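Small disclaimer: the values here were computed from a predicted structure and weren't measured.
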Amino acid sequence: MKKILLIITLLLTAACGFKPMFAGQDMDIYVPPISGINGIDLRNALWAEFGGQKDANAQYTLVVTLRNPTTRYKALERTGSATWQEISMTASYVLKQNDKVIARGTETTAESYTLVRYLVASNASYNNAVQNAIRVLADKISARVITETYQHSNAGAKK
């Protein structure tokens, strides 16, 4: 039954002329360096979302400021030892075209991770949570930026 519904949905979507924004196209967006080791990872994730690294002569420039991750306890044992933490990451961005600001915004994400008695395992759990948060931030920022560049390019085409 699920397969039939999926096929019907695909056929209806194809028949209506639906086309994803920038499907199969590389985005012409330059992302300047973002400070910190997490900034390097976020920049790489954004490059992957936009179809690769672009130079400073790109049509759009996306300036991203990444705040340091913050953590808070989510679960405590009766002894007072923490067993679960949450990491939050926030990134602000400004999208420009020729020094004209097209869009700006802030995205936040949170990931939980477990604390165990072994330092190596706790560090690995923390690092995985940070990497997951960076991927989510890249997804959120790229979705907004792609939407804004699409709307901006279509607004210019209508004039």
Carefully, step by step, assess I141 and L62 under the rule side-chain contact (heavy atoms from CB on, under 4.5 Å). CA-CA 10 Å; I141 292 170; L62 178 65; 4.0 Å; yes
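- If you take CD1 on I134 and CG on N38, they are separated by 4.0 Å, rounding to the nearest 0.5 Å.
- A heavy-atom distance below 4.5 Å is not found between the side chains of L46 and V145.
- Note that CD1 of I34 is 10.0 Å distant from CG of D41, once rounded to the nearest 0.5 Å.
- Annotation: side chain of F50 is in contact with side chain of I146 (closest heavy-atom distance under 4.5 Å).
- Nearest heavy atom pair, residue T109 against residue A133, reads CG2-O, 3.4 Å.
- The minimum heavy-atom distance linking K54 with Y30 is given by the pair O-CD1, 3.1 Å.
- R67 CZ to T106 OG1: the interatomic distance, rounded to the nearest 0.5 Å, is 6.0 Å.
- Cluster annotation: V136 is not connected to V64 through the hydrophobic network of ILVMFWY side chains, with a link wherever side-chain heavy atoms come within less than 4.5 Å.
- One hydrophobic cluster, built from ILVMFWY side chains closer than 4.5 Å, cannot hold both V63 and I102; they sit in different ones.
- One finds the CG atom of N132 at 11.0 Å from the OG atom of S112 (value rounded to the nearest 0.5 Å).
- The environment of CG in D55 is crowded: more than 12 heavy-atom neighbours from other residues, nucleotides or ligands sit within 6.0 Å.
- Residues P69 and M89 approach most closely at CB-CG, 4.0 Å, considering heavy atoms.
- Among residue pairs with one or both ends in residues 129-153, those qualifying as salt bridge (charged side-chain N to carboxylate O under 4.0 Å, His left out) are E107-R144; sequence neighbours excluded.
- Closest approach of D28 and Q59 over heavy atoms only: OD2-N, 2.9 Å.
- The shortest non-hydrogen separation linking A138 to L42 is N-CD1, 3.9 Å.
- Considering only heavy atoms from C-beta on, S92 stays 4.5 Å or farther from R104 through its side chain.
- Without hydrogens or angle criteria, S125 side chain to Y113 main chain gives no donor-acceptor distance under 3.5 Å.
- Expressed to the nearest 0.5 Å, how far CG of L137 lies from OG1 of T90 amounts to 7.5 Å.
- A heavy-atom distance below 4.5 Å is not found between the side chains of N127 and Q131.
- The two atoms that bring I87 and V130 nearest to each other are CD1-CG2, 3.1 Å, heavy atoms only.
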